[in-house]
Colleague: 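Pasting a structure below so you can have a look.
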Protein chains: 2
Amino acid sequence: MTTSRSRKRPGTALPKKDRAERLGRMDWIAAAREALIKGGVHAVKIDLIANRLKITRGSFYWHFKNRAEVLAALIELWESQNTGPFEEIAKRADIGAPEKYLAMAKLWLEEKAFDWQFDSAMRDWARSSRAVARKLAAIDDLRMKLFEQVFIEMGYPPYEAGIRARVTYYHQVGYYTLGIREDQRARREMFPMYLRILAGDAQADQMTFD
Amino acid sequence: MTTSRSRKRPGTALPKKDRAERLGRMDWIAAAREALIKGGVHAVKIDLIANRLKITRGSFYWHFKNRAEVLAALIELWESQNTGPFEEIAKRADIGAPEKYLAMAKLWLEEKAFDWQFDSAMRDWARSSRAVARKLAAIDDLRMKLFEQVFIEMGYPPYEAGIRARVTYYHQVGYYTLGIREDQRARREMFPMYLRILAGDAQADQMTFD
DNA sequence: TCAAAACCATACAGTGCTGTATTGTATAGT
DNA sequence: ACTATACAATACAGCACTGTATGGTTTTGA
């Protein structure tokens, strides 16, 4: 070993990656989201994500200052995605309360506008981060208030409305937490019965299914 | 620095720890449980726990082969603690179905025999461990079947009984997941209303509170 | 009382992950 | 063609944590 000078120096390597394959900040955020959903915050490790993206950490530190920055980006992403749909339904003036409830419940049933896995991952995260916990609590509170309002519009006395809102919301969060993945057909079949129990028979009768 | 020979050798230190302060395997498991509850599996780090116990990792590796062994012990502990209470109530022959339901709901309300924080921590863990997820799913299933049976005993048709059991269970899991800590007084006040919604008015009327 | 068993402290080797520094390559705009 | 910009690769320093080796201390009990 003649004082081996042949050590590779930084940058001396692989040309590679023509335009199309290069990544943007969003690719990293998306991959981080995957990781978060799959294994919790602690699984959001930049070198593992880099491996997954088949790229090195050099790229990451170009797009982000540090790990904390992606995590912040994830929170932002979640807030902007999973808050709106409920509010929009609650605001509608063209339909009655039972229909609103139905529409909100369908957000869950259909899982299109609402990404429950992301939601669950945030809940997970909240267990170890005060900041996230606070944001989450605020949003849960908001969503429950929306349901409460709908129950009030249905004619339930305020106290009962509050509790029905809780039952509805807790129930759905629990469902996601358990991570039950039953087939869509079975779920749709059970759906009306859930509505009868959660919203009451009289109200459920006024909901029109498609 | 005269070739400083004064390097401490292993074992050359602190007498300390008279009987009472020495720890057993159980102390480690208990501390690990705390850590698990507070920050998830990834927070179960033996040197942090050691610091907390004001002892060194030497002790740990005396009691356990490695980290995996405490984790296994935690699973075992949880299984032996949080499974039984529900089954015992369900088996009772001296009370009717509504009373059984009440008793089971009270397990949750009073949080004595049932340690929900431990339960939630396991759910958390399950997200990153297939093995834990399986055990958890099995236990959730079991508990829901117990509720289903109670609803059947109440006279509900099997299909509705199944769904009511789900609503009850999901609801409670959701409640814990949200980590809501309202004062006991408010909870007790709302309790009857919850029962009316979850078990139905007719059944709730047959429950006697103390 | 003295030897074995139980328990604890320290050092050390090793690994996984973060963050920084530095240099290379591809593309757009001039 | 030249340069700025955007991106990527490599190396390196450093910390947090695991696991092992080893030698010490305390307790038990024959």
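Convention: sequence-line order gives letters A, B, ...; per-chain numbering from 1.
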Colleague: Give the nucleotide from the list D:dC7, C:dC17, C:dC7 with an atom nearest to the side chain of A:W62.
Modeller: D:dC7

Colleague: What is the distance, to the nearest angstrom, from the CG atom on B:D47 to the P atom on D:dC15?
Modeller: 15 Å

Colleague: Is it true that A:W28 and A:F60 have ring centroids separated by less than 6.0 Å?
Modeller: yes

Colleague: Please state how far atom CG in A:D27 lies from atom C1' in D:dA8, giving the value in whole angstrom units.
Modeller: 14 Å

Colleague: Is there a donor and acceptor pair, one atom on the side chain of A:R67 and one on the base of C:dG19, closer than 3.5 Å?
Modeller: no

Colleague: So if I take every side-chain heavy atom of B:Y61 and compare against D:dA9, C:dC17, D:dG19, which nucleotide ends up nearest?
Modeller: D:dG19

Colleague: Taking only N and O in the side chain of B:H63, is any of them less than 4.0 Å away from OP1 or OP2 of C:dC8?
Modeller: yes

Colleague: Counting side-chain heavy atoms from CB outward, which of D:dC17, C:dC17, C:dG19 is closest to A:L48?
Modeller: C:dC17

Colleague: Is any side-chain heavy atom of A:S80 closer than 4.5 Å to a side-chain heavy atom of A:E76?
Modeller: no

Colleague: Of the nucleotides D:dA9, D:dC17, C:dG19, which has the atom closest to the A:I55 side chain?
Modeller: D:dA9

Colleague: Quick one: B:N66 CG to D:dC17 C1', roughly how many Å, whole number?
Modeller: 14 Å

Colleague: Can you tell which of C:dC8, C:dG19, D:dT18 lies closest to the side chain of B:S59?
Modeller: C:dC8

Colleague: What is the distance, rounded to the nearest whole Å, between atom NZ of B:K54 and atom P of C:dA9?
Modeller: 12 Å

Colleague: Distance check needed: C:dA6 C1' versus B:F60 CZ, whole Å only.
Modeller: 17 Å

Colleague: Roughly how many Å is it from CE in A:M26 to C1' in D:dC7, rounded to a whole number?
Modeller: 18 Å

Colleague: Which label fits B:Y169 and B:W108: parallel for a plane angle under 30°, tilted from 30 to 60°, or perpendicular past 60°?
Modeller: tilted

Colleague: Starting at atom CD1 of B:I46, determine the distance to atom P of C:dT10, rounded to an integer number of angstrom.
Modeller: 17 Å

Colleague: Starting at CZ of A:R57 and ending at C1' of C:dG16, how long is that distance when rounded to a whole Å?
Modeller: 11 Å

Colleague: For this output row, return yes or no: ring centroids of A:H42 and B:H42 closer than 6.0 angstrom.
Modeller: yes

Colleague: Under 6.0 Å between ring centres, would you say that holds for B:Y101 and B:F151?
Modeller: yes

